[in-house]
Amino acid sequence: MAIQLTRHTFDAVIVGAGGAGLYGALELAKAGVNLAVLTKLYPTRSHTGAAQGGIGAALGNLEEDSWEWHAFDTCKGGDYLTDQDAVEFMCREAVETVIELEHLGLPFSRTPEGKIAQRRFGGHTRNHGEGPVRRSCYAADRTGHMILQTLYQGCIKRNVEFFDEFHVLDLIMDQGAAHGVLAYEIKTGALHLFETKGVIFATGGSGRMFSITSNAHALTGDGMAIALNNGIPLEDMEFFQFHPTGIYKMGILLSEAARGEGGIVRNHGGERFMQRYTPTLLDLAPRDIVSRCIYHEVREGRGIDGKDYVHLDLTHLGRRVLDEKLPDITEFVRTYMGLEPATQMIPIQPTAHYAMGGIPTDKTSRVLAKADGAKVTGFYAAGECACVSVHGANRLGTNSLVDILVFGRQAGRSLKEDLPRLSFSSIADTKADQAIELLERFRANARNPHAEPIGQLRDEMKRAMMDLCGVYRTQEGLKQCLRRIGDLRERIRKARIMDVSATFNTEILEAIELHNLINLSWVTAAGALRREESRGGHFREDFPKRDDAQWLNHTFCALKGNDLEFSSKPVTITRFQPQERKY
Ligand SMILES: Cc1cc2nc3c(=O)[nH]c(=O)nc-3n(C[C@H](O)[C@H](O)[C@H](O)COP(=O)(O)OP(=O)(O)OC[C@H]3O[C@@H](n4cnc5c(N)ncnc54)[C@H](O)[C@@H]3O)c2cc1C
């Protein structure tokens with residue numbers, strides 16, 4: 001089948017309409033730049049809209065706070081793998097960003113005096129760990145929803161051109177610089193080539209590689225996988241965060257705000273077991289620690305009825321707090337579990353939540369081509385698909401919303417600043433060949449009744465990653481995981497879809513997404529096998545200690561032919577020397 005390419009030309013193209021993409025778009029639109037935003041989802045369905053708990057910024061509205069304490073907590077929470085220059089920049093900018101959002105009209109929850117309300121969140125402390133501090137700014141438990149609506153309205157007001165339900169398949173590079181993207185129009189199956197001077201990727205996370213996850217179906221790491229495929233390395237992919245409070249067996253998130261408001265995790269005996277592990281921060285210790293403690297309790301036979309879950313107890317908070325501060329998540333519990341959180345305990349287990357790794361950038365959101373700091377001309381990344389790195393080995397709650405806004409806006413600013421030096425390149429139709437070949441292969445396999453369905457492969461990938469590359473990891477398990485993923489990389493070449501139509505063919509896109517996830521699983525498991533230490537979200541039972549002498553550095557992993565090539569980048573340390581992480 002001959003494939004028609006429709007061409008478009010814009011000075012700037014943004015892929016992704018979550019918080020990061022929209023803030024970048026707003027910044028460019030304000031400067032009058034001719035831009036397009038491409039998104040595979042309708043913009044307000046982006047995962048940012050699911051963020052519940054809040055956005056961290058040291059406003060100090062309820063008690064003393066400072067951006068420097070916020071920076072300290074972020075570095076310590078990240079087990080000292082954060083680049084501290086970027087963290088300082090983010091924590092300073094956070095304050096102004098939240099105020100800008102307020103001025104854009106975001107309806108934050110308020111204190112009685114009318115200031116933006118703030119609440120506690122895991123790992124956020126006063127004066128370098130003395131005790132918890134109220135730093136998370138929130139709009140009930142719908143903070144992300146409000147951010148997304150506010151930014152989307154801002155973009156509409158400034159006439160930003162959106163290409164909704166355009167699924168980006170490839171980045172077009174020429175002589176090491178980004179010059180465009182290839183997209184598949186979901187409604188018609190038509191292919192579109194966007195020629196541009198600069199591209200921002202803001203495509204979000206990749207949690208769908210695990211079987212239990214809080215992530216929406218669309219979080220398949222497309223941007224990261226496309227970058228990898230174009231010779232750009234990925235950074236720190238072995239660090240994946242498991243959030244302690246996912247609804248049992250479903251993974252649906254119950255925000256940390258539940259514990260911020262006073263919720264307690266209990267084992268079979270009803271014991272508040274975090275007392276034994278982190279006596280200062282208790283249930284509000286960072287997520288990697290609470291998740292491991294839950295696994296530990298379960299292994300020791302103290303899961304509920306000996307099973308693989310524990311309880312989240314909100315019964316003592318009272319209906320008023322639940323209704324006012326946690327209305328959405330309590331409703332989830334009623335809907336999905338048939339339980340009443342005001343009177344009954346909630347079964348929970350750790351759920352795959354957040355990719356600390358991603359496309360490497362510096363603190364100006366410009367993408368790095370190599371560990372030595374060389375940049376890719378015309379290419380920017382921000383939000384969960386990027387690794388700045390401000391979360392290091394473990395992200396603190398509320399720090400992703402800060403990250404997507406600060407660095408999304410920064411990506412817009414950097415691209416605007418670079419525009420006079422960037423140019424178009426004439427792109428040959430053949431640049432689309434690789435992506436077209438993949439689509440055609442899936443279509444051709446549909447005629448083969450013996451080919452495996454893609455759903456089967458997806459299940460196997462998720463199980464392998466969850467069981468062998470999850471909260472606890474070992475050399476043996478990771479090797480087995482890599483064998484299984486290697487096998488899936490072969491089998492997906494021959495896998496089949498059922499639907500070959502052009503109109504709204506979501507199945508063919510699911511096949512492409514799975515292809516992306518398998519490649520990212522490969523990089524994640526290979527990085528985890530290589531890193532022989534335990535730090536933040538990466539825990540090796542055979543190397544249970546953090547090893548700064550060998551491993552205080554970032555992993556860079558690039559695709560070379562049919563292999564992965566690893567290198568390391570030093571961590572930037574400015575004011576906080578690595579110490580033991582006690583809470
Ligand atoms: C349930 C839940 C609750 C959370 N709560 C909080 C919280 O309270 N505080 C906090 O700080 N963080 C929270 N997080 C994390 C945070 O919400 C996310 O990390 C963040 O919103 C990611 O924003 P983003 O802009 O990078 O990507 P997203 O909002 O995920 O948007 C990605 C965009 O990319 C587009 N896209 C992706 N692939 C393609 C493609 N191939 N072609 C075209 N478009 C594409 C999508 O259409 C979408 O518009 C939560 C996450 C979850 C899952």
Side-chain angles (χ1 to χ4, degrees), residues 13-25 37-57 94 119 121-122 136-139 141-145 147-148 151-152 162-171 181-186 194 200-208 213-226 241 243 245-247 251-257 260 328-329 332 351-356 358 381-386 391 395-405 407-408 411 435 509 512-513 516:
V13 167
I14 298 181
V15 184
L22 291 180
Y23 220 166
V37 177
L38 277 60
T39 165
K40 68 179 178 181
L41 301 170
Y42 187 75
T44 49
R45 293 184 68 91
S46 304
H47 194 71
T48 296
Q52 303 163 351
I55 169 167
R119 64 179 157 208
F121 246 78
S136 166
C137 312
Y138 61 95
D141 53 1
R142 309 183 180 114
T143 316
H145 172 86
I147 291 177
L148 206 54
L151 292 175
Y152 186 52
F162 282 90
F163 289 83
D164 296 339
E165 300 187 331
F166 273 57
H167 188 120
V168 169
L169 300 174
D170 209 356
L171 174 71
V181 298
L182 178 74
Y184 177 102
E185 185 181 358
I186 302 178
F194 289 78
I200 300 175
F201 267 18
T203 50
S206 55
R208 298 304 295 188
T213 176
S214 68
N215 282 196
H217 284 268
L219 293 180
T220 52
D222 301 352
M224 303 176 198
I226 290 171
Q241 176 170 84
H243 191 299
T245 57
I247 294 182
I252 297 170
L253 192 75
L254 300 178
S255 167
E256 197 166 295
D328 274 10
I329 61 166
F332 292 163
T351 181
H353 185 57
Y354 184 84
M356 266 76 73
E384 194 169 335
C385 74
H391 309 303
R395 172 173 77 77
L396 290 188
T398 77
N399 267 359
S400 172
L401 292 181
V402 188
D403 166 7
I404 64 174
L405 297 175
F407 295 102
L509 295 174
I512 302 275
E513 290 173 337
N516 291 338

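Just follow the structure's listing: the first ligand is 1, and inside any ligand the first atom is 1. All residue numbers refer to positions in the sequence shown, counting from 1.
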Worksheet item: With a cut-off of 4.0 Å, which atoms of ligand 1 are near a heavy atom of Ala17?
Response: 33 (C), 48 (C), 49 (O)
Worksheet entry | Identity and distance of the protein heavy atom lying nearest atom 12 (N) of ligand 1 | Ser400 CB, 3.5 Å
Discussion item. Below the 3.5 angstrom mark, is there an N/O of Gly205, backbone or side chain, next to an N/O of ligand 1?
Written reply: no
Worksheet item: For atom 49 (O) of ligand 1, which of Ala216, Ser46, Ser214 has the closest heavy atom?
Response: Ser46
Fill in: Test of proximity, Val15 against ligand 1: N or O pairs below 3.5 Å
no
Practice prompt. Dump the intermediate steps for salt bridge (Lys or Arg N to Asp or Glu O under 4.0 Å) on Asp222 and Lys40, then the final yes or no.
Written response: CA-CA 10 Å; Asp222 301 352; Lys40 68 179 178 181; 2.9 Å; yes
Response to the item:
Heavy-atom proximity to atom 50 (C) of ligand 1 ranks first, among His353, Gln52, Glu384, for His353
Worksheet item: CD of Glu185 to CG of Asp164: how many Å apart, nearest 0.5 Å?
Response: 11.0 Å
Item to complete: Determine whether the side chain, the backbone, both or neither of Leu253 has a heavy atom under 4.0 Å from any heavy atom of ligand 1.
Response: side chain
Practice prompt. Tell me, please: is Leu219 in heavy-atom contact with ligand 1, that is, under 4.0 Å?
Written response: yes
Practice prompt. For Tyr354, take its heavy atoms, then give the atoms of ligand 1 lying under 4.0 Å from any of them.
Written response: 19 (O)
Response to the item:
the protein heavy atom lying closest to atom 37 (C) of ligand 1 turns out to be Thr203 O, 3.3 Å
Response to the item:
Smallest heavy-atom separation, Ala352 atom then Thr213 atom, equals O-OG1, 2.8 Å
Worksheet item: Which protein non-hydrogen atom lies closest to atom 47 (O) of ligand 1, naming both residue and atom, and how far is it?
Response: Thr39 OG1, 2.7 Å
Worksheet item: Do any N/O atoms on Gly21 end up under 3.5 angstrom from N/O atoms on ligand 1?
Response: no
Fill in: Sidechain-backbone polar pair: Thr245 side chain, Leu254 backbone, donor-acceptor under 3.5 Å
yes
Worksheet item: Looking only at non-hydrogen atoms, which of Asp403, Asp222, Asp141, Ile329 approaches atom 41 (N) of ligand 1 most closely?
Response: Asp222
Worksheet item: Counting distance only, does the side-chain N/O of Arg208 pair as donor-acceptor with the main-chain N or O of Asn215 below 3.5 Å?
Response: yes
Worksheet item: Which residue supplies the protein heavy atom nearest to atom 21 (O) of ligand 1, what is that atom called, and how far is it?
Response: Thr48 OG1, 2.9 Å
Discussion item. Taking only non-hydrogen atoms of Glu513, do any sit less than 4.0 angstrom from ligand 1?
Written reply: no
Discussion item. Return the CD1 to CG distance between Ile200 and Leu38, rounded to the nearest 0.5 Å.
Written reply: 12.5 Å
Practice prompt. Quick one: look up the protein heavy atom nearest atom 53 (C) of ligand 1 and list residue, atom name and how far away it is.
Written response: His47 NE2, 1.7 Å
Discussion item. So for ligand 1, is Asn215 a polar contact partner (N or O within less than 3.5 Å, distance only)?
Written reply: no
Discussion item. With rounding to the nearest 0.5 angstrom, report the OH to CG distance, Tyr354 to Asn399.
Written reply: 9.0 Å
Item to complete: Keeping the roles fixed (side chain from Glu513, backbone from Thr220), state whether a donor-acceptor pair exists under 3.5 Å.
Response: no
Item to complete: Give me the one residue out of Tyr184, Tyr42, Phe194 that meets ring pair (Phe, Tyr, Trp, His ring centres under 6.0 Å) with Phe163.
Response: Phe194
Worksheet item: Looking at atom 44 (N) of ligand 1, what's its closest protein heavy atom, distance included?
Response: Lys40 N, 2.9 Å
Worksheet item: Are the side chain of Thr398 and the backbone of Gly56 linked by a donor-acceptor contact shorter than 3.5 Å?
Response: yes
Worksheet entry | Minimum-distance protein heavy atom relative to atom 35 (C) of ligand 1 | Gly16 CA, 3.5 Å
Discussion item. Test of understanding: given a 4.0 Å heavy-atom threshold, classify the contact between Val168 and ligand 1 as side chain, backbone, both, or neither.
Written reply: both
Worksheet item: Under 4.0 angstrom from ligand 1, any heavy atom of Ile55?
Response: no
Worksheet item: To which protein heavy atom is atom 11 (O) of ligand 1 closest, and what is the distance rounded to 0.1 Å?
Response: Leu401 N, 2.7 Å
Discussion item. Yes or no: does Phe166 have any heavy atom under 4.0 Å from an atom of ligand 1?
Written reply: yes
Practice prompt. State if Ala202 counts as touching ligand 1 under the rule of any non-hydrogen atom under 4.0 Å.
Written response: yes
Worksheet item: Under 4.0 angstrom from ligand 1, any heavy atom of Ala218?
Response: no
Worksheet item: Does the Asp328 side chain pair with the main chain of Gln52, one donor and one acceptor, at a distance under 3.5 Å?
Response: no
Worksheet item: Any sub-3.5 Å donor-acceptor pair from Thr143's side-chain atoms to Tyr138's backbone N or O?
Response: no
Practice prompt. Ignoring hydrogens and angles, tell me if any N or O in the side chain of Glu384 forms a donor-acceptor pair with the backbone of Ala355 under 3.5 Å.
Written response: yes
Practice prompt. Would you indicate which of Ala20, Gly18, Ala51 comes nearest to atom 4 (C) of ligand 1 when only heavy atoms are counted?
Written response: Ala51
Response to the item:
Rounding to 0.5 Å, atoms CZ (Arg45) and OG1 (Thr39) come to a distance of 11.0 Å
Discussion item. When you measure from the heavy atoms of Thr143 to every atom of ligand 1, does any distance fall below 4.0 Å?
Written reply: no
Worksheet item: Quick one: does Gly54 get within less than 4.0 Å of ligand 1, heavy atoms only?
Response: yes
Item to complete: Consider ligand 1: state whether an atom of it lies below 4.0 angstrom from any non-hydrogen atom of Arg395.
Response: yes
